[in-house]
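Encoded as structure tokens, the structure appears first; notes follow it.
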Amino acid sequence: MIGGSLFRWTMAYFAAALAWLLVALALMLGGVGYPAADIASPDTLVLVHAVTIGWLSLAMCGALFQFVPVLVAKPLFAEPWALPALGLLTSGLVCLLAGFLALGGRLPLALWLLPVGAVLLVTGFTLVVVDLGLTAWLRPTGPASFVLVGLASLCATAAFGSIFAFALAGWGGSAGEAVLASGVPLHAIAGLGGWLTLTAMGVSYRLLSMFMLSPDVNERQSRITLATGALAIAVTVAGGALAIGLASGMSAVLLLAGVLGLVSAALYGRDVAGIFRNRKRRQLELNMRIATLSFASLAGVAVLGVALIAVGELAAQVGAFTFLAVFGWLSGLVLAKLYKIVAFLTWLETYGPVMGRTPTPRVQDLVAEGRATKWFVIYYVAVWAGTLTLLAGEPGAFRLAVAAMTLGVAGIIREIVRIRRLADVAHPLRLPGGAIAPHLLFARN
Ligand code: HEM
């Protein structure tokens, strides 16, 4: 079971993550960063890291702290590290973003904020990686092995990011300058492809099987999917570092990594289709129906990538490609899973202690799927429309799409808060037999 024992701070991580998502949407609405500014501009870097660290990484960490101990049936190596890690990641991100603003001339020139932010972020991520890594290491099979490869990719991402931050502050020496000049794609692929995508894949195997009552994916099959994905990241990081050292060969490295990534995504598609086919729960819950839109977006990312390479437009359209990967595939999946995980953990926390002594509601009684569906649909239609506006080079229409995405996300957040408050549970069953209402931001474990 996912919530064998409840991790105290999952909701705090989720709340911080959702707050950063709103910040990122507000920036896009306000025309800060790509497409209003150049893709490599400091404003775009603010936007990119609000999304990748603030929203996606914090949501992923919150889920993993709950989920990894369940996967390996062992307690977290050091639960007390989780809250300091959240503080370090938040303050590090604020410093990093302030450093980017200084770089773009929006704040007084204080480039030292970049390395300070990097050090705080690396310290926070180290606490997360050591805590989760030492926990997952106890039984490194199935989904836990995806998490381990994801954590290794996070280390590579943070290492590249820190070198960039020191180099941008003028403290990187000639080696730092060389890495900054050609290493950005390596950092981006290790972060989005390795850390976020491989971890999301591993976690989704377990969550899909559990919530659809389906047998686990064949271990050998998922190991091949992981090995291909891990090889793609290893080729990117090791091959890319070598190419920087030799000052040649970067395109070949990225092409090989791209092909491996494509194969891994296709194998993952096969694995997920198997889980859906073999499920015992025929009626799909909302989070599963929405997850299928996320898988469709991942397939869309693969098709778009191949098509853009074929017409020689990948470099020019990398913004649209990344937007679909980040908001269609990753953010859509995370939002759908947050909706279900919050309901499940809230149910466990509230009704677990009184179960068997008094009638309790079902998990599905905590959600109002009919109402929530429209917010997810608005979100997804807006993300796909946003991708098309980026491809067509229409920044005005893009902002309209972002406005619709914001509406969808605000609606989803409202649903999640209602779940946590038990607002949709019918009254006689809401708090039966001495059950205690949960706190919005932490679990009373
Ligand atoms: C320790 C944490 C991190 C630090 C210090 C950091 C720092 C940086 C810096 C300084 C750049 C700009 C390089 C340049 O000027 O060209 C950059 C770019 C980028 N970073 Fe990070 N980063 C971190 C974590 C992450 C993570 C976790 C992800 C994704 C999951 C990520 C995704 C990206 C992307 C996609 C770019 C390219 C953005 C663009 O060109 O518009 N970063 N990062």
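Note that these values count all heavy atoms, side chains included, but never hydrogens, waters or copies made by symmetry. When a ligand or atom number is given, it counts from 1 through the structure's own listing order. What you are looking at is a predicted structure, and each value in this text was computed from that prediction instead of being measured.
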Considering only the protein, which heavy-atom contact is closest to atom 31 (C) of ligand 1, and what is its distance?
His187 NE2, 3.4 Å
Which protein heavy atom lies closest to atom 26 (C) of ligand 1, and at what distance to 0.1 Å?
Thr157 CG2, 3.5 Å
For ligand 1, which part of Thr322 has a heavy atom less than 4.0 Å away: the side chain, the backbone, both, or neither?
neither
May I ask you to identify the nearest protein heavy atom to atom 11 (C) of ligand 1, giving residue, atom name and distance to one decimal place in Å?
Phe164 CD1, 3.7 Å
For a ring pair (Phe, Tyr, Trp, His ring centres under 6.0 Å) check, start with the C-alpha distance between Tyr34 and Phe323, then their side-chain angles and the critical distance, and finish with the verdict.
CA-CA 10 Å; Tyr34 182 82; Phe323 180 84; 9.0 Å; no
Which atoms from ligand 1 have a heavy atom of Val48 less than 4.0 Å away?
33 (C), 34 (C), 35 (C)
Show me which atoms of ligand 1 lie under 4.0 Å from any heavy atom of Thr44.
41 (O)
Taking atom 35 (C) of ligand 1 as the reference point, the nearest protein heavy atom with its distance
Ala188 CB, 3.5 Å
If you measure from atom 30 (C) of ligand 1 to every heavy atom of Gly191, Gly161, Ser57, which option wins on shortest distance?
Gly191
Which of the numbered atoms in ligand 1 are below 4.0 angstrom from a heavy atom of Leu121?
1 (C), 2 (C)
Parallel, tilted or perpendicular: rings of Phe7 and Tyr13 (30°, 60°)
tilted
Between Tyr380 and Trp384, is the ring centroid distance below 6.0 Å?
yes
According to the interplanar angle, ranging from 0 to 90°, do the rings of Tyr268 and Phe295 count as parallel (below 30°), tilted (30 to 60°) or perpendicular (above 60°)?
perpendicular
Numbering the atoms of ligand 1 from 1, which are under 4.0 Å from a heavy atom of Leu196?
30 (C)
Could you tell me whether Glu415 and Lys374 make a salt bridge, using a distance below 4.0 angstrom between a side-chain N and a carboxylate O?
no
Is Phe160 close enough to touch ligand 1? Criterion: a residue heavy atom under 4.0 Å from a ligand atom.
no
Under 3.5 Å, is there a donor-acceptor pair between the Thr225 and Asp271 side chains?
yes
Check each atom of ligand 1 against the heavy atoms of Ile39 and keep those under 4.0 Å away; list them by number with element.
39 (C), 40 (O), 41 (O)
Suppose I only count heavy atoms of Leu180 and a 4.0 Å limit; which atoms of ligand 1 are within that range?
13 (C), 14 (C), 15 (O)
Looking only at protein heavy atoms, which one is nearest to atom 29 (C) of ligand 1, and how far off is it?
Thr52 CB, 3.3 Å
Would you please classify the geometry between the Phe146 ring and the Tyr205 ring as parallel, tilted or perpendicular, with 30° and 60° separating the classes?
perpendicular
Any chance CZ of Arg270 has more than 12 other-residue heavy atoms, nucleotides or ligands included, within less than 6.0 Å?
yes
Look only at interatomic distance and state if His49 has a nitrogen or oxygen under 3.5 Å from any nitrogen or oxygen of ligand 1.
yes
Where does Ile53 meet ligand 1, judged by heavy-atom distances below 4.0 Å: at the side chain, the backbone, both, or neither?
side chain
Between Arg420 and Glu349, is there a side-chain N and carboxylate O pair less than 4.0 Å apart?
yes
Within the 3.5 Å criterion, strictly below it, is a donor on Thr44 or Ser41 matched to an acceptor on the partner's side chain?
yes
Tell me the protein heavy atom at minimum distance from atom 37 (C) of ligand 1, and give that distance in Å.
Val184 CG1, 3.5 Å
How far is atom 38 (C) of ligand 1 from its nearest protein heavy atom, and which residue and atom is that?
Leu45 CD2, 3.5 Å
Exercise: identify the closest heavy-atom pair between Leu440 and Met11
O-CB, 3.5 Å
